[in-house]
Q: 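Just dropping this structure here.
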Amino acid sequence: MIFETHAHYDDEAFESDRETLLKSIKENGVGRIINVCASLESLEKTKKLMESFPFIYGAFGLHPDETGDLDEDVMNRIRLLCREEKAVAVGEIGLDYYWDKEQHKRQIYWFERQMELAREEKLPIIVHSRDAAADTLDTMKRVHAEEIGGVCHCFSYPKEIAREYINMGFYLGIGGVVTFNNAKKLKEVVAYAPLDRILLETDSPYLSPVPYRGKRNSSLNLPYIAQMISEIKEIDYEEVIAVTEKNAEKLFIGENL
Ligand code: NI
């Protein structure tokens with residue numbers, strides 16, 4: 001079944017139909033979901049989702065845009081959440097220079113700290129990196145992220161950067177953007193990356209694939225992403241689903257489950 005490695009079901013965009021939607025997810029072919037924290041409020045909400053739905057797992061951490069909310073107390077809360085049974089990653093963490101032109105040092109500091117937390121808690125990381133390719137890789141190399149492992153989510157950089165992540169043993173999270181007509185570079189990345197380095201994700205409620213571009217996204221749209229990957233790589237759709245599921249199990253769940 002499809003393994004959704006990145007969604008935000010705590011988002012208010014799902015306020016009206018969250019229960020109904022999540023209850024229909026298995027009959028629509030999605031076996032497991034990782035709900036990824038971004039903001040301070042999402043920490044407890046993700047824990048609740050994880051407890052309410054057996055197929056939902058949690059990633060705990062603060063998004064680079066939210067690092068103004070981070071202090072030692074919050075770090076301790078994240079650490080305790082990482083020890084929950086179904087906590088599978090630290091994330092999403094990283095660098096985002098798209099909006100933030102001033103707080104780069106603060107972002108780098110908390111990115112490092114959260115990576116160290118992942119190392120200590122023996123969890124992989126879910127990396128968010130936007131308009132910050134060089135600094136993200138520099139920071140990851142400095143803390144030896146190759147020993148921690150993880151995924152660069154919503155991968156949006158060219159092939160040369162993909163190679164760096166793959167060489168560090170990281171996975172590339174591929175989402176709805178790959179279906180966009182103008183996503184030439186990302187299609188090249190998908191053609192280049194071995195299937196055993198690719199994870200499926202939506203980043204719901206954001207980044208809906210074609211034909212729903214601009215609308216609210218949900219994990220029910222993952223087949224459009226898998227279909228595009230199968231076309232680019234000229235392999236069976238079923239193979240994309242099966243291999244990416246195995247990849248996610250290996251990274252997040254452990255091979256004995
Ligand atoms: Ni996200």
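For ligands, and for the atoms within them, numbers begin at 1 and follow the listed sequence.
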Q: Within rounding of 10°, what is the angle whose vertex is the Ni ion (ligand 1) and whose arms end at OE2 of Glu92 and OD1 of Asp203?
A: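 Rounded to 10°, it measures 170°.
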
Q: Given the rule that I, L, V, M, F, W and Y join up when any side-chain heavy atoms are under 4.5 Å apart, are Ile235 and Val189 in one cluster?
A: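 Same cluster.
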
Q: Angle between ring planes, Tyr224 versus Tyr212, binned at 30° and 60°: parallel, tilted or perpendicular?
A: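 Answer is perpendicular, since the angle exceeds 60°.
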
Q: Between the Ni ion (ligand 1) and His63, is there an N, O or S atom separated by less than 2.8 Å?
A: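 It does not; every qualifying atom lies at 2.8 Å or beyond.
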
Q: Under a 4.0 Å N-O cut-off, is there an ion pair linking Arg113 with Glu116?
A: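 Not counted as a salt bridge, because no side-chain N and carboxylate O are separated by less than 4.0 Å.
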
Q: Can you see which heavy atom on Ala133 is nearest to which on Ile161, and at what distance?
A: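 Closest approach of Ala133 to Ile161, heavy atoms only: CB-CD1, 4.2 Å.
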
Q: Can you tell me if His8 has an N, O or S atom under 2.8 Å away from the Ni ion (ligand 1)?
A: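 Checking His8: at least one N, O or S atom is under 2.8 Å.
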
